[in-house]
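From a predicted model like this one, the values you see are computed outputs, not experimental measurements. Atoms within each ligand, like the ligands themselves, are counted from 1 in listed order.
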Amino acid sequence: MELGLRRVLLPVAPAADDTNGHDVVDAWQQPRIPDPFVWPIVHDSSETELDAAVVDIGAATRGAAGLRRAVEQVASACEGHGLFQVTEHGLDPALARAALDGAAEFFLLPLATKQLARRTPGLVTGYTAAHADRFTTKLPWKETLSFGYRDHPTDSVVADYFTSNLGTDFKPLGQVFQDYCESMKEVSLTIMEVLGVSLGLERSYCRDFFADGCSTMRCNYYPPCPEPERTLGTGPHCDPAALTILLQDDAVDGLEVLVDGEWRPVRPKPGALIVNIGDTFTAVSNGRYKSCLHRAVVHRDRARRSLAFFLCPRDDRVVRPPPRLAGPRRRYPDFTCADLASFTQRHYRADDRTLDAFATWLAGGPSNSSQLSPPN
Ligand SMILES: C=C1C[C@]23C[C@@]1(O)CC[C@H]2[C@]1(C)CCC[C@@](C)(C(=O)O)[C@H]1[C@@H]3C(=O)O
Ligand SMILES: O=C(O)CCC(=O)C(=O)O
Ligand SMILES: [Fe+2]
């Protein structure tokens, strides 16, 4: 879907603070990766693909038998590695294609244009090139564009984000992502119904908990890499959100999940969406469901794009397990997603132990700032 972005005029002069951005996009052209992109340890990928359950979410909404099957599948997946695939989700394939193509077009624009939406320090939203504005080591081999989504009766927050940050030339792309986020929100709430039932809760409990939530959409662009074995597109981590719905280029894999000490590639069924549990839902389930530990690898000769929709509750909603799940022992302290976002964006680089580090921080843990300031 050609969105005519190529005719977007460059701003007069790039801003002075864009050196990192230029250094990064220049790195994409080098024959060897610059040192800041070298990750000290990059474990090999397993030959064994992840055996991810394929959940027919459409059948789950049509009757008791479909719901029962879906509940069994998600319970088993979420008590294990925390990832499954969904089919019959209702996402219009043309809209999915338009979103992937639109993201592809955006990332091919001149850096100065992309930096019109550069990330504001302390926030998730905005454009970044390899997070070079935040970190100086273990830089991820990627560019990202992230923006917020919440349902609103009259505002189109995503469409407005694109036009207000990038200009009216981006109105068509903004509308594509507005429509995409609305679809993702509905799919995620349907999945939340199944997750709620699987935890023995009222079918509406989790849907209601997240219905007025504030979500984040992240577009990832992973350029071809001359030394893919020495770096990572996205390092090992658990998503801080409650649930992530990932759409990737059908033909270019890269997502991997740690299972039994192996990094197992995720090969989605064509048309399926990949879903993983995040830290916030681990807390809601009082530790019963596992936040999926995953990473993204890059390729020598192929670019890759992925669209991640992160479902979160309203910023100020207190995250705690319902009484039925709280039981005698609480695994995590009460928190809000505003606290968690502040932690990951200001104090700590989300990784494979974000939730535990966050709980320690909340409890006034080690004041040793070097332990919590973003590692360079
Ligand atoms: C809350 C978030 C922080 C990150 C984006 C996200 O919305 C969910 C995933 C997080 C992240 C991808 C985990 C790995 C490290 C990270 C720095 C990255 O590689 O992008 C994380 C994101 C971030 O911008 O901090
Ligand atoms: O690109 C991928 O496959 C994974 C991206 C991811 O994990 C993230 O953005 O949180
Ligand atoms: Fe992730």
Side-chain angles (χ1 to χ4, degrees), residues 37 39 45 50 52 81-83 85 100 103 107 118-149 214-223 231-250 252-258 263-268 273-281 291-299 303-312 315 337-355 357-358 374-376:
F37 287 93
W39 288 62
S45 304
L50 184 75
H81 47 62
L83 182 145
Q85 301 184 48
L100 280 167
F107 287 111
R118 79 166 58 77
R119 173 184 174 270
T120 304
L123 300 182
V124 173
T125 53
Y127 166 79
T128 72
H131 295 316
D133 55 330
R134 295 164 67 188
F135 313 127
T136 55
T137 62
K138 296 194 299 182
L139 296 186
W141 193 266
K142 68 177 175 184
E143 294 176 50
T144 66
L145 175 68
S146 306
F147 40 90
Y149 173 75
C214 306
S215 300
T216 300
M217 173 83 205
R218 167 160 285 192
C219 305
N220 294 303
Y221 170 62
Y222 303 102
T231 188
L232 285 167
T234 298
H237 70 282
C238 297
D239 293 337
L243 186 83
T244 305
I245 302 182
L246 191 90
L247 173 70
Q248 65 173 28
D249 280 352
D250 278 342
V252 185
D253 295 335
L255 178 64
E256 300 183 345
V257 172
L258 189 65
W263 286 103
R264 297 204 178 147
V266 178
R267 200 132 297 153
L273 294 170
I274 299 166
V275 180
N276 67 259
I277 296 296
D279 292 338
T280 298
F281 201 75
S291 189
C292 178
L293 177 48
H294 57 288
R295 72 180 189 177
V297 298
V298 290
H299 305 285
R304 177 173 177 258
R305 280 160 290 277
S306 69
L307 307 179
F309 180 85
F310 300 108
L311 178 72
C312 302
D315 269 351
C337 278
D339 299 332
L340 183 50
S342 171
F343 178 67
T344 62
Q345 296 307 303
R346 296 174 186 277
H347 304 288
Y348 188 86
R349 181 173 186 171
D351 60 13
D352 58 355
R353 49 179 304 279
T354 305
L355 190 52
F358 176 54
N376 275 326

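The closest donor-acceptor contact from the side chain of W141 to the backbone of T234 lies at 3.5 Å or more, if one exists at all.
The option from R134, R218, M217, H237 that lies nearest to atom 13 (C) of ligand 1, judged by heavy atoms, is H237.
Residue D239 approaches ligand 1 through these ligand atoms, each under 4.0 Å from one of its heavy atoms: 9 (C). Residue K142 approaches ligand 1 through these ligand atoms, each under 4.0 Å from one of its heavy atoms: 18 (C), 19 (O), 20 (O). Of all atoms in ligand 1, listed by their number and element, those nearer than 4.0 Å to a heavy atom of T234 are 19 (O).
Distance check for H294 against the Fe ion (ligand 3): an N/O/S atom falls below 2.8 Å. Residue contacts to the Fe ion (ligand 3): H237 brings an N, O or S atom closer than 2.8 Å.
Ring geometry, Y127 versus F107: the interplanar angle falls from 30° to 60°, so the pair is classed tilted. Note: F309 and Y149 have tilted aromatic rings, judged against thresholds of 30 and 60 degrees for the angle between ring planes.
A241 does not count as a contact of ligand 1, since none of its heavy atoms falls under 4.0 Å from the ligand.
Here NE2 of H131 is found 5.0 Å from OG1 of T144. Values are rounded to the nearest 0.5 Å. Atoms OG1 and CG, from T244 and L246 in turn, are 8.0 Å apart once rounded to the nearest 0.5 Å. Interatomic distance, SG of C292 versus CG of L50, reported as 7.5 Å (0.5 Å rounding).
Ranking the protein heavy atoms by distance from atom 1 (C) of ligand 1 puts P240 CG, 3.7 Å first. The shortest contact between atom 6 (C) of ligand 1 and any protein heavy atom is with F310 CE1, 4.3 Å.
Using a 4.5 Å heavy-atom threshold, the side chains of L100 and L307 count as touching. Proximity of P240 to L355: side-chain heavy atoms (C-beta onward) are nowhere separated by under 4.5 Å. Between H294 and L83 there is no side-chain heavy-atom pair separated by less than 4.5 Å.
The proximity of A350 to ligand 1, defined as any non-hydrogen pair under 4.0 Å, involves the side chain as well as the backbone.
A donor-acceptor pair shorter than 3.5 Å cannot be found between the side chains of H81 and N276.
Residues satisfying the side chain to side chain donor-acceptor pair (under 3.5 Å) criterion with S146, sequence neighbours excluded, are R218.
Of the N or O atoms in Q345, one or more lie within a sub-3.5 Å distance of an N or O in ligand 1. Annotation: H131 places an N or O atom under 3.5 Å from an N or O atom of ligand 1; distance criterion only. The shortest N or O to N or O distance between R349 and ligand 1 is not under 3.5 Å.
The minimum distance between the Fe ion (ligand 3) and any N, O or S atom of D239 involves atom OD1.
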May I have the N/O to N/O pairs between ligand 2 and the protein that fall below 3.5 Å, each with atom names and distance to one decimal?
from, atom 1, to, atom 2, distance (Å)
ligand 2, 1 (O), Y222, OH, 2.6
ligand 2, 1 (O), R304, NH1, 3.2
ligand 2, 1 (O), S306, OG, 2.7
ligand 2, 3 (O), R304, NH1, 3.1
ligand 2, 3 (O), R304, NH2, 2.7
ligand 2, 7 (O), H237, NE2, 3.1
ligand 2, 7 (O), H294, NE2, 3.0
ligand 2, 9 (O), N220, ND2, 3.2
ligand 2, 10 (O), H237, NE2, 3.2
ligand 2, 10 (O), D239, OD1, 3.1

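Taking the centre and axis of the six-membered ring of F135, the NZ or CZ atom of R349 falls inside the cone set by 45° and 6.0 Å.
A salt bridge does not link D249 with R304: every distance from a Lys NZ or Arg NE/NH1/NH2 to an Asp or Glu carboxylate oxygen is 4.0 Å or more.
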